[in-house]
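Written below as structure tokens is the structure these notes are about.
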Amino acid sequence: MSIAIENMTKSFGGTSVLRGIDLTVETGELVALLGPSGSGKTTLLKIIAGLEWPNSGGLNVNGQDWLGLAAQDRRIGFVFQHYALFPHMSVRDNIAFGLTVRPRAERPGKSVIAAKVEELLHFLQIDHLGDRYPAQLSGGQRQRVALGRALAIQPTVLLLDEPFGALDAAVRRDLRAWLRRVHEETGSTTIFVTHDQEEAFELADRVVVMGEGRIEQIGNADQIHDHPASPFVARFMGATIELPIMLSAGRAEAVGLDASRLPRRALPDGPATLFIRPADLTPVSDPSGRWQVSRCASNGAILRLELTDGAQTIPVDLPRRAPEAKGLERGVHVTLRPEAAAIFSGPRQMQTQAQTTEFARKEKSL
Ligand SMILES: Nc1ncnc2c1ncn2[C@@H]1O[C@H](COP(=O)(O)OP(=O)(O)O)[C@@H](O)[C@H]1O
Ligand SMILES: [Mg+2]
């Protein structure tokens, strides 16, 4: 079931929550919506599910206009972060629920439902839990049951809203691999919402980065990691160091900066900002360097430094055993050599979203 969302907007009491969303999800695709809290992810899912209506825009599923369809006619499978399984029903009955409440004419017979539930229990690797009640399950098991319940109705579209958000890291990783297999075998068209990058990139082939009601970028892990489309995405992807530079013939220039490892950019000459991840910055010892090590701490594997030029303090991470780490201690003067960085035109305080998507569109690496 392909989903086409067109120029969709939504506001709550004058506050814009979705500001023109265009997104197509192909049949059988698993797309992740990735963004910080408040970026509009849940609102978008609710609109697809028919639990919320947009102010404007289109929603077509396999060519059918879904905005004219009531929620119950869309046949959506929905799993929330805190999915309330019915506490008084066994796992079997919870999974069967969506089928047992169908209108009589569409309702499968009892034995068909029972067989379907057994099949799902097996498929989801929860055979042994069928007779339990939700209170007797771990968080991870509950979410497996919740997904079973969503899949039982053979949904046209599967919507998962931070389904693993309340679970601890190890369980999340297990469930991620499990969900990926489930998805490949069911081939359902799935939208997965998360604020966790690792989860999004590991699960989905295509990740949609959302910020403040807009789609900031669509791509795979490498594209988004290496070529963030806006300062927002760069920051969200961990580029927390922002240095003012001047661009000259596509080269970054600043006192105390060695930009020799950065490719030239097709950006206009003038002030710009360099966005760097702490792990992508090498401090090179240089007695006349503008920056100075002000703190130095090791966790055994990684050396975390703080560098200062008197006005700004920046963090740097490097492997403790790397040759570059030798001799770096408090008081040492260094030059900054970024190994990779994103560059956006305009001085730092001008890095607003609307403006920078514009710059990003113009930028192409030479
Ligand atoms: N029913 C509502 N009434 C008013 N504001 C809402 C409502 N639902 C969501 N919002 C607001 O819309 C914004 C986006 O929310 P949401 O879609 O839940 O974001 P996300 O899922 O990315 O965290 C938030 O600022 C939130 O407070
Ligand atoms: Mg949400």
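Remember, it's 1-based here, ligands and their atoms both numbered in the order they're listed. Numbers for residues simply follow the sequence, beginning at 1.
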Using a strict threshold of under 4.0 Å (side-chain N to carboxylate O), is an ion pair present between E242 and R235? yes
Short N-O contact, E339 and R337, less than 4.0 angstrom: yes
Any cation-pi pair here, R330 with W291, using under 6.0 Å and within 45°? no
Heavy-atom closest contact (P231 atom, F275 atom, distance): CB-CZ, 3.5 Å
For ligand 1, list the protein residues that place a heavy atom within a distance below 4.0 Å of one of its atoms, sorted by chain and number. F12, V17, P36, S37, G38, S39, G40, K41, T42, T43
Please check if atom CZ in R102 has more than 12 non-hydrogen atoms from other residues, nucleotides or ligands closer than 6.0 Å. yes
Which pair of non-hydrogen atoms, one from C296 and one from L328, has the smallest distance, and what is that distance? SG-O, 3.8 Å
Could you walk me through whether T9 and S56 pass side-chain hydrogen bond (donor to acceptor under 3.5 Å, both in side chains), step by step? CA-CA 5 Å; T9 68; S56 65; 2.6 Å; yes
Under 2.8 Å from the Mg ion (ligand 2), which protein atoms of type N, O or S occur, listed by chain and number? T42 OG1
Under the side chain to side chain contact (heavy atoms under 4.5 Å, CB included) test against I343, which residue among L243, I245, T273 passes? I245
Verify the distance criterion only: is there a donor paired with an acceptor across the side chains of E216 and S230 at less than 3.5 Å? yes
